[in-house]
Each structure stands twice: as structure tokens, then as C-alpha cells.
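Count residues from 1 along the sequence. In listed order, ligands and their atoms are each counted from 1.
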Amino acid sequence: MAKALKVGLAGLGTVGGGVLALLAQNAALVTKRAARPVVVSAVSARDRHRNRGVDLSALAWEDNAVDLAGRADVDVVVELIGGSDGPALALAKATISAGKAFVSANKAMLAHHGLELASRAEAAQVALKFEAAVAGGIPVIKGMREGLAANELTAVYGILNGTCNYILSTMERNGSTFAQVLGEAQALGYAEADPSFDVDGIDAAHKLAILTALGFGTKPNLEGVGIEGIRQIDSADIDYARSLGYRIKLVGAARRVGEAVTQRVAPALVPHAHPLASVMDSLNAVVAEGNFVGRMLFQGRGAGAGPTASAVVADLIDVARGEWGPAFGTPASDLVSVPAIPLAPTIGRFYMRLTVADRPGVLAEVTATLRDVNVSIESVIQRGQDPLTGGVYLVLTTHAVVENALREAAAHFSRLESVLAPPVVLQIMDL
Ligand SMILES: NC(=O)c1ccc[n+]([C@@H]2O[C@H](COP(=O)([O-])OP(=O)(O)OC[C@H]3O[C@@H](n4cnc5c(N)ncnc54)[C@H](OP(=O)(O)O)[C@@H]3O)[C@@H](O)[C@H]2O)c1
């Protein structure tokens, strides 16, 4: 049997604990698949004295995680601390500089510093692996980097944040408001005390920036992602969407438009028959469309100790086998820039909900404005009342229109005295 791969593990929280548990429970199987044992030799976390429910007495401890990189009994460092900069980034750089492989679940760091880390890893000829950083247990990084490597992709998109999907699914199921469901999710520990990374779309944007780089051979560019979260979604929108044949999902999507690639995270109306519509609760899913393979769907658990550890240890098995190569599938020096402007003038179908004063002439005023900017209306529903303003809801869906024209009209509506709340504008996804 070849000698063991010795792991330095930084971070012993949800995912770090899961990695220790998996390596212990599946040790024999991991050894067979890796053709050598994979053993943790040294660990680091903030609090040395915290009871973590596992016996760490046989493992070396480092107070400063960065010191794991230089240890003689560490061949590969696994970073499960989190945060785009700080100790996680310092540890990544120190590990690669020491000529060792680096495994991480840290999407924030990879979205911000992925290009620099990939360049350093390739120069040092060491592995940089991050299967757990996107969609947790779903092997979408490997699937795209290896399984779909022969394809020109036209689109990669998906449900990349389990907390948002859980909130939207529960709002639909229980008819509750966003604030109610968020409060319940926080009480159950499904949502963070500060939920903004999740509900404002930032976490999904981190993951999308990574997927875009993999799918299109572009430099990871977080600034190039147009980001909208789900706070503005009302249970009325979910009801209207359902009656129109759609479900509202937070979708992160990268699409090729001519020579450019657009990246956007925003809630969208997904047709009931689309595979993403049936992805409920905290599940994640990613769709990749390739010119030879067609449409692929990856679906599963995007978070939690078990699924995330499954992805981290898969990376460790790759490292144990001696596999390394371009972290984003394309050599870092060949990755091309994506334009910083996220939205080329998009053409698509849209849903718009207006809260308007209940008096004659408002509908006519709205439709006339839309006609003037060349927005052609597919359907209009006028029913339901806003409990806050007492106004009535006017819900429109459009034919394919230039998005900017619709956004301009929406901005105009929000200035009208007869429009009582900011318009809600959502893209309608094609089947
Ligand atoms: N949770 C998931 O389901 C999930 C899914 C996919 C990806 N991820 C990613 O995985 C990473 C870890 O997430 P998590 O949920 O496991 O976080 P977590 O439960 O908060 O654990 C973080 C760990 O990092 C340790 N830590 C914090 N600062 C440190 C420092 N300066 N030096 C050394 N250790 C430090 C903490 O130590 P103490 O325990 O002593 O406080 C804790 O053990 C993040 O990048 C996250 O985005 C998580």
C-alpha cells in the first residue's frame, strides 16, 4: 500500500466536522478508491477547547491555521474556515507556495480570488480543488470541468442557494410572507442570523462566478454579475405565478450572448414543466447546456455536513491519486475577461406587478405607457388587494421585449401618484 496522504484540516465547524466523520466512517472505502489511506494529521480552529464531539487528541493542533501549510506531516490542506480574505486566503497562498495541494469549500474566496489562486497553483503544479464550493454535494464542478469538457456551452444556470429555495418553497406551500418564513428558518437554524448573503443573492453570485469561469473559460468576475435577491417577492407574486403556470425561483444564470457572456442572479418565473421548477426546499440544481451533449441537469443537496463533506473528500481522493490540472478547466493564463457590464440589452418575457390606486383610467395609463416604449403585453390580471396600501394589483406579462424598455417604464410608473408601491419586475424563463 502506498504511503498515506496526510491532511491538514483548517476549520472544524459544520463542514470540517463532516469531513472528520466521513473519513472515519468510510475509511476503508476511501483507502481503496484513493489507493492509499487519507488521514488527518493536524487541525486548526478558533477555539481549541470547544467540545466538537470527536476525539482530536491524536491530532496535532495549530492555533494559527496558516502554520498547517508548512508542517512536514501535511501533504494537502483543506480550508473550511470561510471568508473571502483573512486567514482562508493567507492559508491558500501559503499552502500553494509550499508546493502542496489545496482543497476548499470557500465560494466567496474563489469568486474573489479564484484567478490569482488558479494561476499560483498552476505555476506551482499543485492541485486547487473546490468541488464543495458550488452546490455542496452535487458533483457539478467535476461534471463541468471533466464530463462536459468537450462541449461549447451556451448556458449554465441553476438554483444555487438552498436558503432562498427553502424560503420560496415554504411561502408557496403555506401562503406565508417572506418575513414570516425567514424568521422561522432562522429559528430552525436553516438561515443565518444575518441572512443578507443568502437572500440578497450574494452567495448565489459567488457560485455563479465560479460556474461561469468553468463553463465559458472566462476569468471569475464577481463584479460582472447582476444581482437581485428575493426580499421583494410577495406571496401574491407566488400565487399569480402559479396561476400563470410558473414557480418563482432564485436563478443564477450565465449565458452566451454573441461574443459576450452575461451573468445574472435574480428571481425568475420558471415554467412548471422546466426541470428547475420541481427543485424544492433546500435542494440545489444546476443545468448546463452543451452543443453536443444537450441539456444536463445536476440536482441534489447543496449544503449540510454530509453532502459538503462528500464533495471535499472526493477532492481529497483526486489529490491522493495525483490528479491536478487547471482549476477552472482552462489554463489560468488562457481564461478570457467577461465584460464588467452584466446585462447586455436583454430580450425576454417579463412579469410585472403594479400596486395601483383603485380608480378608473389607471389601467389605460399603464398600457399606453407600455405601448409607447414598444412593450407588447401578453396578459393582464386585475384582482387582489394590497393589505398595506389598499391599492389593487395589476399584473402584466409581456411578449419578448427589450428589458431596458420595460425597466424604464417601471421606473416611470414608480413616480406616478396612482402607483402606490415600487413595481415588481421578474423575468420569465423559457422552457
Ligand atoms: N455549511 C455548509 O453546508 C456549507 C456548504 C458549502 C460550502 N460551505 C463553506 O464551507 C466553509 C465552512 O463552512 P461551515 O458551515 O463549516 O462554517 P462554520 O460551521 O462556521 O465553521 C467554521 C470553522 O472555522 C473555524 N475558524 C474560524 N476562524 C478561524 C481562524 N481564524 N483560524 C482557524 N479556524 C477558524 C471555526 O472555529 P471554531 O469552531 O473554534 O469557532 C469553525 O470551526 C465556508 O467557506 C462555507 O461557505 C459550507
Side-chain angles (χ1 to χ4, degrees), residues 8-22 40 42-54 56 59-69 71 74 77-92 94-95 102-114 117 129-141 159-166 185 188-198 202-211 222 281-284 286 300-315:
L9 179 59
L12 299 171
T14 306
V15 185
V19 167
L20 287 174
L22 193 159
V40 176
V43 296
S44 176
R46 238 174 339 203
D47 180 356
R48 186 172 191 159
H49 304 292
R50 176 172 295 174
N51 179 3
R52 301 173 191 278
V54 277
L56 301 174
L59 307 180
W61 177 277
E62 291 289 356
D63 283 324
N64 182 355
V66 178
D67 291 340
L68 289 172
R71 289 183 65 96
V74 166
V77 167
V78 175
E79 181 276 311
L80 301 170
I81 298 172
S84 59
D85 295 81
L89 184 61
L91 179 57
T95 305
F102 184 76
V103 173
S104 173
N106 190 336
K107 53 252 174 178
M109 180 174 74
L110 285 150
H112 283 278
H113 303 292
L117 294 178
K129 301 259 175 196
F130 43 85
E131 185 62 68
V134 180
I138 308 172
V140 64
I141 303 279
I159 295 173
L160 303 175
N161 184 276
T163 304
C164 287
N165 206 40
Y166 170 83
L188 290 166
Y190 296 163
E192 302 285 337
D194 174 4
S196 52
F197 255 48
D198 289 322
I202 299 158
D203 174 76
H206 288 151
K207 296 164 181 168
L208 182 64
I210 296 169
L211 286 180
L222 186 61
D281 298 309
S282 61
L283 288 181
N284 282 195
V286 176
R301 300 237 157 263
T308 313
S310 154
V312 169
V313 177
D315 280 348

Colleague: So does Val140 get a backbone contact from the side chain of Glu131, meaning a donor-acceptor N/O pair under 3.5 Å?
Modeller: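 Answer holds: yes.
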
Colleague: Whether the side chain of Thr95 engages the backbone of Leu91 through a donor-acceptor N/O pair (distance < 3.5 Å, no angle test) should be reported.
Modeller: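 Yes, because the side chain of Thr95 sits within donor-acceptor range (under 3.5 Å) of the backbone of Leu91.
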
Colleague: Ligand 1: which protein N/O atoms lie under 3.5 Å from its N/O atoms?
Modeller:
residue	atom	partner	partner atom	Å
ligand 1	3 (O)	Gly304	N	2.7
ligand 1	16 (O)	Thr14	N	3.2
ligand 1	16 (O)	Val15	N	2.9
ligand 1	19 (O)	Thr14	N	2.9
ligand 1	19 (O)	Thr14	OG1	3.3
ligand 1	37 (O)	Arg46	N	3.1
ligand 1	39 (O)	Arg50	NH1	3.1
ligand 1	39 (O)	Arg52	NH1	2.7
ligand 1	39 (O)	Arg52	NH2	3.4
ligand 1	40 (O)	Arg46	N	3.0
ligand 1	40 (O)	Asp47	N	2.7
ligand 1	40 (O)	Arg52	NH2	2.8
ligand 1	41 (O)	Arg46	NE	3.2
ligand 1	41 (O)	Arg46	NH2	2.9
ligand 1	41 (O)	Arg50	NH1	3.2
ligand 1	43 (O)	Leu12	N	2.8
ligand 1	43 (O)	Gly13	N	3.0
ligand 1	47 (O)	Lys107	NZ	3.3

Colleague: Within the 4.5 Å heavy-atom criterion, are Val103 and Phe130 side-chain neighbours or not?
Modeller: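 Answer no - side chains too far apart.
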
Colleague: Is the shortest side-chain N to carboxylate O distance from Lys207 to Asp203 below 4.0 Å?
Modeller: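 Answer for the salt bridge query: yes.
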
Colleague: Roughly how far, to the nearest 0.5 Å, is CG of Asn284 from SG of Cys164?
Modeller: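 Here the interatomic distance stands at 10.5 Å.
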
Colleague: Is the side chain of Asn106 donor-acceptor paired with the backbone N or O of Gly83 at a distance under 3.5 Å, no angle test?
Modeller: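 Yes; judged by distance alone, with no hydrogens or angles, the pair exists.
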
